[in-house]
Asker: 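Right, I'll just put the structure down here and ask away after.
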Protein chains: 2
Amino acid sequence: MKSNNGVRERILETASRLFYQQGFNSTGINQIIAEAGIAIGSLYKHYPSKNDLLYHYLQHQEAVYFSGLDEYLGEVRKPIQKLIKLIDYRIEIQEQSHCFGCHFIKINAETGRHDEKVTQLVAGHKKKQRDYLERIISEIESVQGLPMKKQNLTDAVFLMIEGAVVSASINGNTDDLRTTKKIINQMF
Amino acid sequence: MKSNNGVRERILETASRLFYQQGFNSTGINQIIAEAGIAIGSLYKHYPSKNDLLYHYLQHQEAVYFSGLDEYLGEVRKPIQKLIKLIDYRIEIQEQSHCFGCHFIKINAETGRHDEKVTQLVAGHKKKQRDYLERIISEIESVQGLPMKKQNLTDAVFLMIEGAVVSASINGNTDDLRTTKKIINQMF
DNA sequence: GTCTATAAGGAGATAGAC
DNA sequence: GTCTATCTCCTTATAGAC
């Protein structure tokens with residue numbers, strides 16, 4: 001491994017993978033430095049505490065999620081297709097990561113709302129996801145009718161997707177995400 | 001405290017409360033015995049390991065949930081009212097427990113699907129919840145029309161409730177559960 | 001049932017040498 | 001950047017005396 005460059009990034013990527021796959025509390029500092037192939041001194045130089053690493057993990061996932069989503073929807077023109085593609089994006093993410101669910105829901109379940117900063121990062125991410133969805137539904141509204149009031153439709157779709165992602169992490173498949181897509185298709 | 005009677009129950013109740021409030025991994029054996037007011041020898045006599053305690057915790061919550069639900073719906077006659085009351089039941093549970101979410105979703109998020117027995121208890125609970133919901137919707141169908149195909153309606157309602165319970169644990173309120181109730185009311 | 005002692009290991013974090 | 005040593009504390013679990 002290269003020894004001087006990309007150390008900070010390698011720490012975060014390794015920690016992110018382990019936090020997601022086996023949980024934050026179940027992941028030890030020693031495992032992170034071993035799998036990242038770096039020294040413990042380097043870790044604490046870049047991230048002064050394990051909690052600090054957690055904050056950067058969540059911020060990183062937030063950026064990765066939305067930039068990936070923008071790219072995934074890049075070519076799509078029809079608003080209704082954007083909605084369908086948004087669910088396809090979640091399906092693809094889950095299938096590429098062994099259906100372990102949503103990073104933010106997992107951390108929230110593990111740490112509760114004890115840490116204010118974590119609470120705000122999780123709630124903020126979910127708010128951004130819902131706002132993103134609402135913008136797509138507004139676009140749909142501008143070209144065709146909606147099957148129910150805009151706000152209710154936004155909440156219904158958001159909550160179904162949330163439930164379906166949780167279901168994916170429980171059952172280890174994307175069946176409910178696909179069901180959600182089917183239901184939405186039949187609503188319009 | 002009484003020293004010889006109800007020890008086993010007190011262990012399980014204390015462990016259940018702590019597992020739910022601060023998480024399974026964040027709860028130590030020493031804290032359980034301290035808050036239950038029992039000796040460590042007693043704990044390991046009744047529950048040979050912390051994992052064994054976890055299994056009993058999940059089985060106990062399963063029983064508590066469904067017996068409480070049956071009682072809560074006991075007086076209700078109209079099928080559509082059963083559906084609304086089912087959501088009221090979730091609202092009441094969340095508001096009485098600081099909106100920490102679903103016991104089973106939390107454990108699943110913490111332990112993933114590594115432990116087969118836990119995986120089965122969680123997936124089994126969610127299957128039972130969905131089946132319970134499907135029976136109510138079948139009753140509704142027998143007295144009035146449904147706004148969509150029965151299976152799709154069951155999945156949609158189940159997933160919205162799941163998402164709304166997760167949202168409760170993130171935001172610390174039952175807003176999305178109440179929104180879910182409103183959406184369902186408007187669908188019929 | 002109670003108590004205390006202890007094993008054996010891992011946690012997060014710090015310090016210093018190279 | 002690397003390495004090793006160490007500190008303090010906590011973890012699950014067992015054993016034995018009362």
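Note on naming: letters A, B, ... go to the chains in the order of the sequence lines (proteins, then strands), and numbering restarts at 1 for each one.
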Asker: Under a plain distance cut-off of 3.5 Å, with no hydrogens placed, do B/Q120 and B/E116 share a side-chain donor-acceptor pair?
Answerer: no
Asker: Answer yes or no for A/K82 and A/Y132: cation-pi contact, defined as NZ/CZ to six-membered ring centre under 6.0 Å and angle to ring axis within 45°.
Answerer: no
Asker: Expressed as a whole number of angstroms, how long is the span from B/N25:CG to D/dT11:P?
Answerer: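 Checked: the CG to P distance equals 12 Å.
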Asker: Under the criterion side-chain contact (heavy atoms from CB on, under 4.5 Å), I'd like the reasoning laid out for A/F24 against B/N25: C-alpha separation, chi angles, the key distance, then a yes or no.
Answerer: CA-CA 10 Å; A/F24 175 73; B/N25 288 323; over 6 Å; no
Asker: For the pair made of CD1 in B/I29 and P in C/dA5, what is the distance, rounded to whole Å?
Answerer: 20 Å
Asker: Please tell me which of the listed nucleotides, C/dG12, C/dT2, D/dG1, lies nearest to the side chain of A/K45?
Answerer: D/dG1
Asker: Identify which nucleotide among C/dG1, C/dA13, D/dA13 has an atom closest to any side-chain atom of A/K50, counting heavy atoms from C-beta outward.
Answerer: C/dA13
Asker: Roughly how many Å is it from OH in A/Y47 to P in C/dG12, rounded to a whole number?
Answerer: 16 Å
Asker: Hey, which of these two, A/H46 or A/I40, hits DNA chain D nearer its 5' end, going by closest nucleotide?
Answerer: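 Its nearest nucleotide lies further toward 5', so the answer is A/H46.
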Asker: If an axis is fit to five pairs at each end of the helix from C/dG1-D/dC18 to C/dC18-D/dG1, what is the angle between the two, to the nearest 10°?
Answerer: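 One end's axis against the other's: 10°.
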Asker: What is the nucleic acid contact for B/S26, judged by heavy atoms within less than 4.0 Å: base, sugar-phosphate only, or nothing?
Answerer: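 No contact at all - B/S26 keeps every heavy atom at 4.0 Å or more from the nucleic acid.
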Asker: Do the two ring centres, one from A/H125 and one from A/F66, sit under 6.0 Å apart?
Answerer: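 Distance test on ring centres: under 6.0 Å, yes.
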Asker: Could you check A/F24 against B/S42 and say which one's nearest nucleotide on DNA chain C is further toward the 5' end?
Answerer: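 Checking each residue's closest nucleotide, the 5'-ward one belongs to B/S42.
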Asker: Could you please name the option among C/dA13, D/dT12, C/dG1 that lies closest to any side-chain atom of B/V7?
Answerer: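 For the B/V7 side chain, the nearest candidate turns out to be C/dG1.
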Asker: For B/L53 and D/dA13, what is the distance between atoms CG and P respectively, to the nearest whole Å?
Answerer: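 Whole-Å distance recorded here is 10 Å.
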Asker: Nearest-Å distance, OH (A/Y44) to C1' (D/dG1)?
Answerer: 18 Å
Asker: Take atom CD of B/Q31 and atom P of D/dC9, then tell me their distance rounded to the nearest Å.
Answerer: 18 Å
Asker: Without decimals, in angstroms, what is the distance between B/Q22 CD and D/dC10 C1'?
Answerer: 14 Å
Asker: Is it the case that the side chains of A/D52 and A/Y44 hold a donor-acceptor pair, with the cut-off being a distance below 3.5 Å and no angle test?
Answerer: no
Asker: Without decimals, in angstroms, what is the distance between A/L54 CG and C/dG12 P?
Answerer: 12 Å
Asker: Tell me what A/I38 touches on the nucleic acid: a base, only sugar-phosphate, or nothing, going by heavy atoms under 4.0 Å.
Answerer: sugar-phosphate
Asker: Cation-pi between B/R8 and B/Y47: NZ/CZ under 6.0 Å from ring centre and within 45° of the ring axis?
Answerer: yes
Asker: With a 4.0 Å cut-off on heavy atoms, is A/N30 in touch with a base, just the backbone sugar-phosphate, or nothing at all?
Answerer: sugar-phosphate
Asker: Just to confirm, is there a sub-4.0 Å distance from OP1 or OP2 of D/dT12 to any side-chain nitrogen or oxygen of B/S49?
Answerer: no
Asker: Between A/Q186 and B/N152, do the side chains contain a donor N or O and an acceptor N or O under 3.5 Å apart?
Answerer: yes
